[in-house]
Amino acid sequence: MKRLWACLFAVCVLLAGCGGEAAEKQRRDFFAMDTYMTMTAYGPHAEEAMKEAEARIRELEEELSVTREESNIYRMNHRTNESVLLGADAAEAVGAALRIARETGGALDPTIYPVVEAWGFTKDQQQVPSEEALREALARTGWQRAHLTERTLTLEPGMEIDLGAVGKGFAGREAGKVLRDRGVTSAIVSLGGNIEAVGARPDGTPWRVGFRAPDGEGYAGMLSVEDAAVVTSGSYERYFTDENGRRWHHIIDPATGHPAENGLLSVTVVGRDGLSCDGLSTALFVMGKENAAAYWRAHHDFDMILIEEGRRVTVTEGLAERFALRGEYTKGPLEVLRR
């Protein structure tokens, strides 16, 4: 329920004050991929296009889910052989996750599922696992030991895979594609912490995406975007507090098996491909500010916003003129990363 209300809050922020609304505005709300989702689209074909976009999201959910028995990923994790033939969508998602794993030195690892299970983040029974349990779980991970040949995925015995770090980004990208293909030129799709902006608002101005303050109420900032994916990974999204009052979040460092602790509270990635943005937001969070900045300087297909403890905010130069601090965050500095 905590996650659901967080998503509702974010959606209300995003859609509030969308000027230039016309009579052809349509909205669709539904629950998929364990997330409350909202689409708002404009134009004579908007309603039918959103129905098709929702159907596409549900199609991806059925193929990528780690819990649905009919999904490719469930079959992989409950296989009797080392290899499973994947559907085209699952193969693309696995391929993207493994590519990002390779490019980020394993900061994203789609085989981390045994560790996530050990922490209980796959169900509502979170716990701090023993070091022995973590060692056992980590022994069953390692993206280098996952091999994808065309559509055949091979994992070593005991290994499992989870595409949660790329699934909603993939779904947002595909929903946006359906909308565009059906002639929709102005729409916004919200999938929890993932946004897919189709074109601009009906009056031609950019969409305004609000960023929840990770350490309190209100917003940390506002970003103007059009025709782009905006994906955020934050330590405030899913967490639990142990008996000693310590908070543990769900973004696991594959190198240690523990939640990543490097001063970052959230990472937002902005780019054209929601699938890649989703995976990168997790990887860059794990990498920490310095390594994330180095990775950004070496790659030219995305921008990012980093929020650290102490309300320190960093944006890359491509977003500097489109991002503004809000609320309590206006009291702190805004650092601009440049190449």
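Note: hydrogens, waters and symmetry copies are ignored here, and every other heavy atom, side chains too, is used. These numbers come from a predicted model, not from an experiment.
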Is any side-chain heavy atom of [X] less than 4.5 Å from a side-chain heavy atom of [Y]?
X	Y	result
Asn81	Arg79	no
Met222	Phe323	no
Phe121	Tyr113	no
Thr35	Lys168	yes
Thr268	Ser281	no
Val94	Asn72	no
Leu153	Ile161	yes
Leu138	Arg135	no

**Study point:** Tyr239 side chain to Gln126 side chain, donor-acceptor N/O pair below 3.5 angstrom
**Key:**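 Their side chains do not contain a donor-acceptor pair, so the 3.5 Å distance test is not met.
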**Study point:** Glu131 and His258 side chains, donor-acceptor separation under 3.5 Å
**Key:**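 Short answer, yes.
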Hey, is [X] close enough to [Y] for a salt bridge, meaning N to O under 4.0 Å?
X	Y	answer
Glu62	Arg58	no
Asp273	Arg173	yes
Arg56	Glu59	yes
Arg68	Glu63	no
Arg182	Glu48	no
Arg312	Glu335	no
Arg180	Glu196	yes

Review point. Parallel under 30°, tilted from 30 to 60°, perpendicular over 60°: which one fits the rings of Trp119 and Phe240?
Key: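 Judged by the thresholds at 30° and 60°, the geometry between Trp119 and Phe240 is tilted.
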Minimal non-hydrogen separation, [X] against [Y], with atom names:
X	Y	value
Met159	Thr141	CE-C, 4.1 Å
Glu237	Ser233	OE1-CA, 3.9 Å
Leu108	Ala165	CD1-CB, 3.5 Å

Check your understanding: Taking the six-membered ring for Trp, are the ring centroids of Tyr236 and His250 within less than 6.0 Å of each other?
Key ->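 That pair fails the under 6.0 Å test.
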Check your understanding: Below 6.0 angstrom between ring centroids: does that apply to Tyr36 and Phe30?
Key ->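 No - the distance between ring centres of Tyr36 and Phe30 does not fall below the 6.0 Å cut-off.
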Review point. Rounded to the nearest 0.5 Å, what separation is found between the OG1 atom of Thr152 and the CD atom of Glu82?
Key: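 Taking OG1 in Thr152 and CD in Glu82, the distance rounds to 13.0 Å.
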Do [X] and [Y] sit in the same hydrophobic cluster, where Ile, Leu, Val, Met, Phe, Trp and Tyr count as joined when their side-chain heavy atoms come under 4.5 Å apart?
X	Y	result
Val230	Val315	yes
Leu64	Tyr74	no
Met39	Val178	no
Val231	Leu179	no
Leu98	Leu85	no

**Study point:** Trace of the side-chain contact (heavy atoms from CB on, under 4.5 Å) decision for Thr282 with Leu284
**Key:** CA-CA 6 Å; Thr282 299; Leu284 297 176; over 6 Å; no
Check your understanding: Where do Ser276 and Arg99 land on the side-chain hydrogen bond (donor to acceptor under 3.5 Å, both in side chains) test, with the steps shown first?
Key -> CA-CA 9 Å; Ser276 295; Arg99 171 181 57 80; 2.9 Å; yes
Review point. Are more than 12 heavy atoms from other residues, nucleotides or ligands located less than 6.0 Å from atom CD of Glu70?
Key: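 Atom CD in Glu70 is crowded, with more than 12 foreign heavy atoms closer than 6.0 Å.
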